[in-house]
Peer 1: 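Encoded as structure tokens, here's the structure I'll be asking about.
Just so it is clear: chains get the letters A, B, ... in the order the sequence lines come, proteins before strands, and each one is counted from 1.
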Amino acid sequence: MTICYYKVNYFMKYNPKKIESKWQDKWASKGVFKAKNGSKKKKYYLLVEFPYPSGDGLHVGHCRSFTAFDIIARKRRMQGYNVLYPMGWDAFGLPTENYAIKKGVHPSVVTKKNTDNFRSQMQNLGLSFDWSREIDTTNPKYYKWTQWIFIQLFKNGLAYKSKISINWCPKDKIGLANEEVIDGKCERCGTKVEKREKDQWMIKITNYAERLIKDLEEVNYLEKIKTQQRDWIGQSHGALVKFFVEGVEEHLDVFTTRIDTIFSGTFLILAPGHSFIDKYKNKIENIEEVLKYKEDSKNVSDVDRTNQDKEITGVQLKGIVVRNPATNEEMPVWVADFVLEHYGTGAVFADAHDKRDFKMAKKYGIPLRTSIKPPASAEGFGEAKDDEEFVQKVKRLEECYEGEGTLYNSQQFDGLKSADARPQIISWLSTKWLAQPKVSYKLRDWVFSRQHYWGEPIPMIFCKKCGWQPVKEKDLPITLPNVKKYKPTDTGESPLSLIEKWVKTSCPECGQDAKRETDTMPNWAGSNWYYLRYLDNKNNKKLADEKLVRYWMPVDWYNGGMEHTTLHLLYSRFIFKFLWDIKAVPASVGSEPYKKRTSHGMVLGEGGIKMSKSKGNVINPDTIIKQYGADTLRIYEMFMGPFEQMIPWDTKGVVGCRRFIEKIYNLANYKVASGKPNIELKKYLHKSIRKVSEDVELLKFNTAISSMMEFVNAWQTSAEGLDKKDFADFLRILSPFAPHLAEELWTETDLKDLCCIQKWPKYDEKLIEEKNILLIVQINGKVRDKIEMKAGATQKEVEKLVLKSEKIKALIGDSEVKKIVFVPNKLINIVI
RNA sequence: GCUCCUGUGGCGGAAUUGGUAUACGCGCGUGCCUUAGAAGCACGUCCCGCAAGGGUUAGAGGUUCGAGUCCUCUCAGGAGCACCA
């Protein structure tokens, strides 16, 4: 074989600095990553959550997920797809506003600085984003459409103002949605949240609760993501039951999922904020005591109210009596703070089959009755020794049984199982108009107002005569005015309320003097629909052109953090459904924005703790790129471990990836040959092509890389060089991972065009097929020998061979062979 | 409390889905090279044993010819939900 070496800078050391910027410039100037709008190719829309451009710069965690999907994007392009892989900035947010307040700089200046930094960091990584489609949620040309969507919500009756008790963060001076309160603390700053009454814009996401659950069937999300969405929406099927109040022409509605226990209902409990209390003040004999209880419960934060160890408290509404619709018996009415205003109807009927009710009744001497007999071996006997004793204790009201069972004390329903009894009781009561089936959700309407400067102004105007009016669409966007002070006010009003000139306007309906809404929108507003704006980021007449939406949507694959799988994912699905309903999105696209959703694991600091400035363990990608190169960083981030798993950073591990890259660079110098291909190496290569092709689709980047390493190791130890054509194939599979190196070696090996626009290689099935296999010989399931033989041998052939072997013969000895298990091409197991 | 996930060398992790446990990388050891160090290269590296051999996937049991993988219990770690009627 004639060997001719392709000398790539033979005496030069691998220098990523030179190589990388050169190719980044070339890709940009040739526009190879631009998604083409009119293309006849099949489209592929890959989306990664756009980051909040913080002043700290890109996190190595960003690099990980962006690189992962960059690999998929590059692979898809090589597979012949028209790929859209865009990037933008979710730039409204408190840190920017806080920085602006502190330094007295306008937030937009800070944002510009940060996004410039982020962009250049991403470009240094060689990410193949289509930068011509960049978006920024704080750009008025963008938030014009965020405001437009709000107006559509309003016009369709899905946005309304309501005085509600909101979660108030005293540090950030901002109202928070329930979703943003974690353990009773502000999600951002960790300050204990207070309650405040405020007039807030609300969005009726609850109208979509059922569809948001049902349509999950259509999409390909990780199962745990679907579970989280379902849990958050919290659907439960039950019944709405009427309890008539004595002496009043009215009833109290109660939602229950356990109507099978209705016959044991002996009292009713209202939430402290239930409207019945105010409405029938004069009927309640001890109204002062009740109102005091109500006031007290307001001061109890949700954390304490939801604390399980807290003692149950309550006050009876003296003078009020309702009738149990099933037994027709009189029931006293109580208030207790463990009953929540916002779930169900804010009222429950109480009985001996609920631990809280049970405790409360025992404490205040309220009569109890049981009507459910626990089945034999019910879970949780309490202190009873056995089933029978437990049943008796339940009957004697010594133990509380919450589970299902067999009904007794329940008139014609005696003897029925709980599950069977429920529909029968509902239909029985419904004939008397006392009950109806009902579905209830934990999901609540979405508080959409924030009292901050750095957000989209809500495009509404209040007129004394006409009420709330939306800004005329031709007047959009309502831009943020320039102010000197961005500080939120202590009164809880938005800083915009202090700018009289801006607030004062005229009513779009009647032209009279009117006032602008001064609240701004929450963070989520801009990220609800951003995936649509990438399709048509410069359109001034529409959110996005219909043709483009039809071509590109839905997103084929969406990846983001696990922390966004409840809120952002739910909100954006909701808004997309809404846009679809009002035909802002063509019907053919369907009402789900994302076909497939995956999540990446966080990158932790060394030692497995969270990376944070205060711990001083933050890794800056720039430093790694400077020291090792972008290709090394890319390979390392993909090689460090399973993509969906949390993983600690280990700078020592980066070195190994740099060695891998240098090894390729050096081997390319002297071990690429033109001539007859080396079959052994070719086999390794094609195995690797298969492994990489398959693993990338499963996000198993770590094993994809390890298979390339195995190939390179074989290449290194082989006596012969690698055929030039095979080398080209290797560069093709390497190029999504280490695009700069692949590009450099591609050119230096006299191959034509750019490596990143080549076809993705196919592996040769026949070549991979092993002609000789290593057959495992087991005796009683233990490995005793390994025989190399040709593939495809039959059991008889193998048996003959094995039983002849001296080693095996000796091991079998005099024992009788009872059974032989044979797995073709794999193993033979002799049972003796 | 409920639901789900995870547990494999000194470390990050592989394992064709029930068929050679520890691939690949880090680290470590020995040697070569070098004035020296670094880098690089070669070999070694789960445990016990000189060896033959035996043991090992958090622990205990089970199913199976065969279990890291399936089932039951226990322990440990993580995530989500949580007076939700």
Side-chain angles (χ1 to χ4, degrees), chain A residues 13 183 223-225 227-228 230-232 234-236 238-239 241 254-259 261 269 271 302 305-310 312 336-340 342-351 353-357 359-360 380 402 440-443 562-563 565-566 601 606-608 635-636 639-642 644-657 659-660 662-663 666 687 690-691 694 700 702-713 716-717 774-786 818-823 825-832:
Chain A
K13 263 199 96 170
D183 282 340
E223 205 41 52
K224 66 174 171 183
I225 296 177
T227 310
Q228 275 195 27
R230 282 192 205 104
D231 282 355
W232 194 263
Q235 188 181 53
S236 52
V241 189
V254 168
F255 174 74
T256 178
T257 53
R258 291 297 305 276
I259 201 160
T261 66
I269 312 173
D302 266 8
R305 215 166 137 173
T306 55
N307 185 346
Q308 294 200 351
D309 302 328
K310 201 199 98 188
I312 282 171
D337 63 3
F338 71 80
V339 178
L340 306 173
H342 51 73
Y343 186 75
T345 59
V348 299
F349 75 80
D351 57 48
H353 295 294
D354 179 282
K355 284 215 168 86
R356 295 154 300 158
D357 301 350
K359 258 195 216 164
M360 183 166 169
E402 290 190 301
S440 199
Y441 298 93
K442 282 190 223 170
L443 185 72
M562 206 59 207
E563 69 275 18
T565 49
T566 38
E606 302 208 27
I635 295 266
Y636 172 65
F639 183 63
M640 61 199 299
E644 281 160 51
Q645 193 182 297
M646 265 199 232
I647 201 104
W649 180 270
D650 177 19
T651 300
K652 276 192 227 134
V654 179
V655 179
C657 295
R659 279 183 199 147
F660 170 60
E662 270 188 51
K663 205 185 270 181
N666 293 333
K687 274 187 190 166
R690 176 170 71 179
K691 187 85 178 139
E694 289 170 356
K700 288 166 78 174
N702 52 337
T703 48
I705 290 170
S706 79
S707 88
M708 286 193 276
M709 285 172 168
E710 282 178 82
F711 162 72
V712 171
N713 289 344
Q716 186 180 32
T717 45
L774 200 62
L775 191 100
I776 307 304
V777 184
Q778 293 185 333
I779 292 178
N780 288 348
K782 290 204 165 147
V783 180
R784 292 301 176 193
D785 204 2
K786 297 163 193 181
K818 281 189 185 156
K819 191 176 172 182
I820 293 177
V821 181
F822 178 71
V823 182
N825 294 339
K826 257 188 194 143
L827 98 173
I828 182 160
N829 186 12
I830 303 163
V831 187
I832 55 174

Peer 1: Shorter than 3.5 Å, N or O on both sides, protein versus nucleotides 62-65 of chain B: list them out with atom names.
Peer 2:
from, atom 1, to, atom 2, distance (Å)
B/C65, OP1, A/K819, NZ, 3.4
B/C65, O2', A/N829, ND2, 3.3
B/C65, O2, A/N829, ND2, 2.5

Peer 1: Can you tell me, in whole Å, how much space there is between the P of B/C50 and that of B/U34?
Peer 2: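 After rounding to an integer number of Å, I get 38 Å for this pair.
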Peer 1: Detail all sub-3.5 Å separations between protein N/O atoms and N/O atoms belonging to nucleotides 40-42 of chain B.
Peer 2:
from, atom 1, to, atom 2, distance (Å)
B/G40, OP1, A/R659, NE, 3.0

Peer 1: Counting C-beta onward and ignoring hydrogens, is there a side-chain heavy-atom pair between A/V777 and A/K786 closer than 4.5 Å?
Peer 2: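 When only atoms from C-beta onward are counted, A/K786 and A/V777 do not touch, as no gap falls below 4.5 Å.
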Peer 1: Should B/G80 form a Watson-Crick or G-U wobble pair with both distances under 3.5 Å, which nucleotide is its partner?
Peer 2: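 B/C2 - that is the nucleotide pairing with B/G80, both distances being under 3.5 Å.
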Peer 1: Would you mind telling me which of B/A15, B/A85, B/U20 lies closest to the side-chain atoms of A/V348?
Peer 2: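 Selected nucleotide (nearest to the side chain): B/A85.
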Peer 1: For residues A/D650 and A/E606, determine if any side-chain heavy atom of one lies less than 4.5 Å from a side-chain heavy atom of the other.
Peer 2: yes
Peer 1: Of the nucleotides B/C24, B/C84, B/U20, which one has an atom closest to the side chain of A/L340?
Peer 2: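 Shortest atom-to-atom distance from the side chain points to B/C84.
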Peer 1: Could I get the full list of salt bridge (Lys or Arg N to Asp or Glu O under 4.0 Å) partners for A/K442, not counting sequence neighbours?
Peer 2: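 A/K442 satisfies salt bridge (Lys or Arg N to Asp or Glu O under 4.0 Å) with no other residue.
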Peer 1: Grab the CH2-C1' distance between A/W649 and B/G25 for me, whole Å please.
Peer 2: 14 Å
Peer 1: Any idea if B/G77 is syn or anti, going by the 90°-from-0 cut?
Peer 2: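 Judged by the O4'-C1' to base torsion, B/G77 sits in anti, the angle falling more than 90° away from 0.
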Peer 1: OP1, OP2 of B/A23 versus side-chain N and O of A/N713: anything below 4.0 Å?
Peer 2: no
Peer 1: Between C1' on B/G19 and CD1 on A/I820, what's the gap in Å once rounded to a whole number?
Peer 2: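 Spelled out: CD1 on A/I820 to C1' on B/G19 is 16 Å.
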Peer 1: Whole angstrom is fine here: how far is it from CD in A/E694 over to C1' in B/A15?
Peer 2: 15 Å
Peer 1: With rounding to the nearest 0.5 angstrom, report the NZ to OG distance, A/K691 to A/S706.
Peer 2: 7.0 Å
Peer 1: Quick one: A/L827 CG to B/G66 C1', roughly how many Å, whole number?
Peer 2: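 To the nearest whole Å, that distance equals 8 Å.
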Peer 1: Determine the Euclidean distance between corresponding C1' atoms of B/G9 and B/C28; express it in Å to zero decimal places.
Peer 2: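 Roughly 12 Å separates the two C1' atoms.
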Peer 1: Taking a pair as Watson-Crick or G-U wobble with both distances under 3.5 Å, which nucleotide is matched to B/G49?
Peer 2: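 Check on B/G49: unpaired, no WC or wobble geometry under 3.5 Å.
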Peer 1: Whole angstroms only, please: what is the CD1-P distance between A/I225 and B/C4?
Peer 2: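 So the two atoms are 18 Å apart, to the nearest Å.
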Peer 1: Calculate the interatomic distance between A/F660 atom CZ and B/A23 atom P; express it in whole Å.
Peer 2: 18 Å
Peer 1: So which protein nitrogen or oxygen atoms get under 3.5 Å of nucleotides 6-12 of chain B's nitrogens or oxygens?
Peer 2:
from, atom 1, to, atom 2, distance (Å)
B/G12, O2', A/M640, O, 2.6

Peer 1: Within this structure, what is the OG-CZ distance for the pair A/S236 and A/R258, rounded to the nearest 0.5 Å?
Peer 2: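 Rounded to the nearest 0.5 Å, the OG-CZ separation comes to 13.0 Å.
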Peer 1: Counting only side-chain heavy atoms from C-beta out, which of B/G55, B/C24, B/A85 sits nearest to A/S706?
Peer 2: B/C24
Peer 1: What residues, two or more places apart in sequence or in another chain, satisfy salt bridge (Lys or Arg N to Asp or Glu O under 4.0 Å) together with A/D231?
Peer 2: none
Peer 1: Would you mind reporting whether A/I225 and A/M562 have side-chain heavy atoms less than 4.5 Å apart?
Peer 2: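 Yes. Closest side-chain heavy atoms under 4.5 Å.
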Peer 1: Pick the nucleotide of RNA chain B nearest each of A/R258 and A/K691; which residue has the one closer to the 5' end?
Peer 2: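 The residue mapped nearer the 5' terminus is A/K691.
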Peer 1: Taking B/U20 as the reference, what is the distance to B/A85 when you measure between their P atoms (whole Å, please)?
Peer 2: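 Result for the P pair: 48 Å, nearest Å.
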Peer 1: Considering every strand shown, what is the Watson-Crick or G-U wobble mate of B/G19 when both distances are under 3.5 Å?
Peer 2: B/C65
Peer 1: Looking for any heavy atom pair under 4.0 Å, which part of the strands does A/K442 touch: base, sugar-phosphate only, or nothing?
Peer 2: base
Peer 1: Is the closest side-chain heavy-atom distance between A/F711 and A/K687 below 4.5 Å?
Peer 2: no
Peer 1: Closest nucleotide of RNA chain B for A/T227 versus for A/V783: which of these residues is on the 5' side?
Peer 2: A/T227
Peer 1: With the side chain counted from C-beta on, respond yes when A/F338 and A/I269 share a heavy-atom pair under 4.5 Å apart, and no when they do not.
Peer 2: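 Heavy-atom side-chain distance check passes, below 4.5 Å.
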Peer 1: Any side-chain N or O of A/K355 below 4.0 angstrom from OP1/OP2 of B/A85?
Peer 2: no
Peer 1: Rounded to the Å, how far apart are A/L774 CG and B/U20 P?
Peer 2: 11 Å
Peer 1: Syn if the chi torsion is within 90° of 0, anti otherwise; quick check, which is B/U17?
Peer 2: syn
Peer 1: With a non-hydrogen cut-off below 4.0 angstrom, is A/R784 in contact with a base, only sugar-phosphate, or nothing?
Peer 2: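 Sugar-phosphate, backbone atoms only, no base.
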Peer 1: With a cut-off of less than 4.0 Å, is there a side-chain N or O of A/K700 near OP1 or OP2 of B/A15?
Peer 2: yes
Peer 1: Please name the nucleotide paired to B/C73 by Watson-Crick or G-U wobble geometry with both distances under 3.5 Å, or report none.
Peer 2: B/G59
Peer 1: How about A/K663: does its NZ atom have over 12 heavy atoms from other parts shown lying under 6.0 Å from it?
Peer 2: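 Count over threshold, so yes.
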Peer 1: Is B/C28 paired to anything, Watson-Crick or G-U wobble with both distances less than 3.5 Å, and if yes, which nucleotide?
Peer 2: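 B/G44 is the nucleotide pairing with B/C28.
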Peer 1: Which nucleotide in the set B/C24, B/U20, B/G13 lies at the smallest distance from any side-chain heavy atom of A/N702?
Peer 2: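 Nucleotide nearest to A/N702's side chain: B/G13.
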Peer 1: Would you call A/K819 and A/N829 a side-chain contact if the rule is heavy atoms closer than 4.5 Å?
Peer 2: no
Peer 1: Nearest of B/U20, B/A85, B/G25 to any side-chain atom of A/I776?
Peer 2: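 Looking only at side-chain atoms, A/I776 lies closest to B/U20.
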Peer 1: Just compare B/A85, B/G13, B/G25 and give me whichever is closest to any side-chain atom of A/T257.
Peer 2: B/A85
Peer 1: To the nearest Å, how far apart are A/K652 NZ and B/G13 P?
Peer 2: 15 Å
Peer 1: What I'd like to find out is whether the side chain of A/F349 reaches to under 4.5 Å of the side chain of A/T261, using heavy atoms alone.
Peer 2: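 Yes - at least one pair of side-chain heavy atoms lies under 4.5 Å apart.
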Peer 1: For nucleotides B/G25 and B/U45, find the distance between their P atoms and express it as a whole number of Å.
Peer 2: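 One P to the other, the span is 15 Å.
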Peer 1: Not counting sequence neighbours, which residues clear ring pair (Phe, Tyr, Trp, His ring centres under 6.0 Å) with A/F660? List them please.
Peer 2: none
